[in-house]
Number of protein chains: 2
Amino acid sequence: MAESNTPDGAWNYCSNSALKRASRQLGKLYEDVLAPSGLKITQYTLLTQIKLGRETPLKILAEAMVMDLSALGHTLKPLQRDGLVELVADEHDRRVKRVRLTEKGNQLWSDTNGLWREAQARFDAAFGKEASENLRRTMDLIASPGFAAAFSGARQNQD
Amino acid sequence: MAESNTPDGAWNYCSNSALKRASRQLGKLYEDVLAPSGLKITQYTLLTQIKLGRETPLKILAEAMVMDLSALGHTLKPLQRDGLVELVADEHDRRVKRVRLTEKGNQLWSDTNGLWREAQARFDAAFGKEASENLRRTMDLIASPGFAAAFSGARQNQD
DNA sequence: GAAATTTACTGGTATATGCCACTATATTTA
DNA sequence: TAAATATAGTGGCATATACCAGTAAATTTC
């Protein structure tokens with residue numbers, strides 16, 4: 001046992017990296033619970049969001065996911081390939097494509113829903129149900145356009 | 001203006017996806033501030049963590065970053081390619097590799113530090129300094145091994 | 001209404017990240 | 001100590017995610 005270089009010492013003064021670390025760990029925890037379904041947690045989230053909207057345009061879906069439009073397009077690829085979602089052209093605006101679940105996608109979503117509930121329940125149990133709600137609210141705040149505006153407006157140095 | 005399918009309606013009942021959305025947005029905000037340096041925020045975080053440790057073994061670094069060892073290896077590639085970090089073999093255990101900043105890496109880190117401070121200051125201004133500290137503490141909790149254990153132990157259904 | 005501009009999406013490229021299989025070393029067992 | 005096992009990394013493959021440069025279709029200008 002030489003000199004332990006071991007930083008448990010994560011550099012935790014950066015709010016961004018703190019969020020990233022937590023996000024990686026939490027993602028993995030949910031992922032493990034969802035594993036039997038074959039869906040990644042991000043994919044399940046995407047399917048849920050698609051299911052909730054009625055054939056949401058990609059643009060709108062990307063906004064709801066707080067995700068770049070092109071990133072969304074790429075992320076949908078495996079789901080399309082596996083026949084879980086499909087794109088339909090908008091009737092009135094030919095630039096727009098709308099996404100929807102296929103029969104198979106709906107089925108898999110239903111089959112996976114219980115696993116998600118299990119994961120969420122575990123999180124609430126470990127973190128506290130009320131704290132969990134507060135956390136989601138806080139995260140929603142940070143993810144909001146208003147917060148981005150406040151951040152960008154908050155010049156700390158002159159310009 | 002047809003029927004607005006527009007879900008501002010992000011599905012925000014999942015703690016994981018709430019965290020992911022916030023993480024994406026915040027990442028982008030910091031990223032924009034760091035842009036002039038040419039470093040991504042993740043890379044800056046990594047350089048900082050490497051700088052703080054004294055030639056930390058990859059394994060330990062991965063743990064501090066709450067990141068998979070192989071993922072860390074991949075993420076280091078661009079930094080090695082650009083001559084910012086280098087790996088050195090451990091003297092006593094030939095399996096171990098330690099990471100350190102190069103001269104160039106140290107220089108770039110210093111040059112970028114001010115940008116990070118600016119980003120962090122903007123976050124604190126928009127979110128509140130105290131809230132910011134609390135948030136980091138909360139994120140550290142979620143990222144901790146103890147939390148993972150609690151989550152995994154918290155079986156909600158029988159096994 | 002033709003030209004300029006904006007909008008929605010696609011494809012290429014690059015980083016971020018995880019899992020698995022494999023290799024090289026250590027460490028532990030028998 | 002030879003065999004079994006554990007540990008630290010690497011490389012391949014797959015998804016996640018961003019930016020940029022098109023492309024096509026709408027909208028706005030003049």
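To find a chain, count down the sequence lines: A is the first, B the second, and so on, and within it residues start at 1.
- The side chain of A/Arg95 sits closest to C/dA8 out of C/dA26, C/dA8, D/dT10.
- The only option from A/Lys97, A/Lys104, A/Arg100 that meets the salt bridge (charged side-chain N to carboxylate O under 4.0 Å, His left out) definition with A/Glu86 turns out to be A/Arg100.
- Of the candidates C/dA26, D/dC19, C/dC19, D/dC19 carries the atom nearest the A/Asp68 side chain, counting heavy atoms from C-beta on.
- Between A/Asn16 atom CG and D/dA18 atom C1' the separation is 14 Å, expressed in whole Å.
- A/Met139 CE to B/Leu135 CG: the interatomic distance, rounded to the nearest 0.5 Å, is 5.0 Å.
- Close to D/dT10, at under 4.0 Å from its OP1 or OP2, lies no side-chain N or O of B/Lys77.
- Mapping B/Leu72 and B/Asp82 onto DNA chain C by nearest heavy atom places B/Asp82 closer to the 5' end of the strand.
- Distance A/Leu79 CG to D/dA16 C1': 12 Å, rounded to the nearest Å.
- If you check D/dA24, C/dT17, C/dT15 against the side chain of B/Ala71, the one that comes closest is C/dT17.
- When heavy atoms are screened at a 4.0 angstrom cut-off, B/Gln43 is found touching the sugar-phosphate backbone but no base atom.
- Spacing between atom CG of A/Leu19 and atom C1' of C/dA16 amounts to 15 Å, rounded to whole angstrom units.
- Checked for salt-bridge contact, A/Arg21 and B/Asp140 meet the test: a charged N lies under 4.0 Å from a carboxylate O.
- One interatomic measurement links the two molecules: NZ of B/Lys20 to P of D/dT17, which rounds to 6 Å at whole-angstrom precision.
- In this structure, A/Phe151 and B/Tyr30 have tilted ring planes: the angle between them lies in the 30° to 60° band.
- Checking A/Gly73 against A/Gln25, the closest nucleotide of DNA chain C that is more toward the 5' end is the one next to A/Gly73.
- The distance from atom NE2 of B/His74 to atom P of D/dT10 is 9 Å, rounded to the nearest whole Å.
- A sub-4.0 Å separation between OP1 or OP2 of D/dG9 and a side-chain N or O of B/Lys97 is absent.
- Distance CG (B/Asp90) to P (D/dA8): 11 Å, rounded to an integer number of Å.
- For A/Lys40, no side-chain nitrogen or oxygen approaches OP1 or OP2 of D/dT15 to under 4.0 Å.
- Taking for each of B/Leu87 and A/Leu76 the nucleotide of DNA chain D with the nearest heavy atom, the 5'-most of the two is the partner of B/Leu87.
- Comparing B/Asp32 and A/Pro78 by the nucleotide of DNA chain D whose heavy atom lies nearest to each, the residue mapping closer to the 5' end is A/Pro78.
- In this structure, B/Leu69 places its CG atom 16 Å from P of C/dA21, rounding to the nearest Å.
- Regarding contacts with the backbone of D/dA8, every side-chain N or O of B/Arg94 stays at 4.0 angstrom or more from both OP1 and OP2.
- Using a 4.0 Å heavy-atom cutoff across all strands shown, B/Ser70 reaches at least one base atom of the nucleic acid.
- Separating the CE atom of A/Met67 from the P atom of D/dC19 is a distance of 12 Å, rounded to the nearest angstrom.
- For the side-chain contact (heavy atoms from CB on, under 4.5 Å) with A/Trp109, the qualifying choice from A/Leu84, A/Leu47, A/Ile50, A/Leu39 is A/Leu47, the only one to do so.
- Atom CD1 of A/Ile41 and atom SG of B/Cys14 lie 4.5 Å apart (nearest 0.5 Å).
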